[in-house]
S.K.: 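Right, I'll just put the structure down here and ask away after.
Just so we're clear, the structure is a prediction, and the values are computed from it rather than from any experiment. Just follow the structure's listing: the first ligand is 1, and inside any ligand the first atom is 1.
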Amino acid sequence: MTMVGLVYSGRYLQHNTNPYRLPLSGEPLPFVEQVDHPSNPRLVERTIKLLDMSDIGQHLQMISPYSAPEPTIALYHTQAYITRVAALSEAGGGDAGQGAPVGVDSYVIALLAAGGAMAAVDAALGGDMTRAFALVRPPGHHAMSDKGMGFCIFNNVVIAAMHARRTYGLERVMIYDWDVHHGNGTQDAFYDDPNVLFVSTHQDRLYPEEFGHLDQIGTGEGTGRTINIPLPAGSGDATYMAAVEEIIMPIARQFKPELILISAGQDASASDPLGRMCVTAEGYRRMTEAMMTLAGELCGGRLAVVQEGGYSEIYAPYCTLAILEALTEYRSNLEEPVNQARADRWPQSQAIGLDARAALDAAKQQYAKYWKNLTP
Ligand SMILES: [Zn+2]
């Protein structure tokens, strides 16, 4: 039986993102009824409840997260920013940057989210399991060193990668970010670092618009170690799997990571209100299995998955269940009831559109300069 670590704490639900305010003006939306913030606690809560309703629990080993020590957070974030988040939280809340809501206790919970990602790394590297999933919130991949962005306060996956290298002496870490948005903070953290391979598939120019373009390839010694694969809206399972098989897997095999981290945003799903992609739960399962194949070949199976976005209250939990089913190599008793039967007939799911093919080919051409395994 394959046991997988599941890092979770009910405290994650206490990070309060309401009310939803417009990102630029800071005003609430002008409706009589308040609109819930997209990154409200229900998404993670529904996910943990769905897992609980399924019979997958027998394959999951629950792991309690710990609070990331401030010096570890400071490996990426500036001290001034850390202090500002703490003060904001103490004062009752506010915005940690651009659309990164902080409420009472959010500082402590954000430390627990970063520590949750660290605990997933500990499980993958230190224990008798090699795979772990950190079901954390707030998410992290947009957070920059000196400001929060896009619902993210501290960059959980960055902290996890730094923890893996510092505590376990790893040299090379690969991060695959499949969130529909670009992991701009993660890219920034390792932009000149030759030992962290950052790969992102995302909807082209969705958020943040100035990040994730094909010509952002890293700098200095890190040149060619940032791999951006911007995809057109509407891309589905076939396009994502082509990106994985034709681009990401060959590069990873040449890079030879000692640990693979996934920034897992289930907002590229076919039902997401914040994205316009068409990935199904089955697609997430296949992408997870591909990363397990790589981890098996390259780094003793060591794989840690860190939750990022995912805003379809109905569908995202099923995508996460499919990811956990892949990790545990177990099919639970729950069938995905929403999209799969329809998606099997969707051309976006089954075939690569012409614009998607062009995007994939452009990425291959760009990165073939740095990776001989890649044939444009
Ligand atoms: Zn996202």
S.K.: Would a hydrophobic clustering, with Ile, Leu, Val, Met, Phe, Trp and Tyr connected at side-chain separations under 4.5 Å, put Val173 with Leu197?
M.R.: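 Yes, same cluster.
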
S.K.: For the Zn ion (ligand 1), what is the closest N, O or S atom on His181?
M.R.: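 So the atom name we want here is ND1.
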
S.K.: Tell me which N, O or S atom of Asp267 sits nearest to the Zn ion (ligand 1).
M.R.: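 In Asp267, the N, O or S atom with the shortest distance to the Zn ion (ligand 1) is OD2.
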
S.K.: For a side chain to side chain donor-acceptor pair (under 3.5 Å) check, start with the C-alpha distance between Asp146 and His77, then their side-chain angles and the critical distance, and finish with the verdict.
M.R.: CA-CA 6 Å; Asp146 60 350; His77 294 286; over 6 Å; no

S.K.: Run the salt-bridge test on Glu297 and Arg253 with the 4.0 Å N-O cut-off and return the result as yes or no.
M.R.: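 Result for this pair is yes, salt bridge flagged.
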
S.K.: Are any N, O or S atoms from Asp179 nearer to the Zn ion (ligand 1) than 2.8 Å?
M.R.: yes

S.K.: From the Zn ion (ligand 1) out to just under 2.8 Å, does an N/O/S atom of His142 turn up?
M.R.: no

S.K.: Using the rule that two of Ile, Leu, Val, Met, Phe, Trp, Tyr join whenever any of their side-chain heavy atoms come within less than 4.5 Å, decide whether Val44 and Ile323 are in one cluster.
M.R.: yes

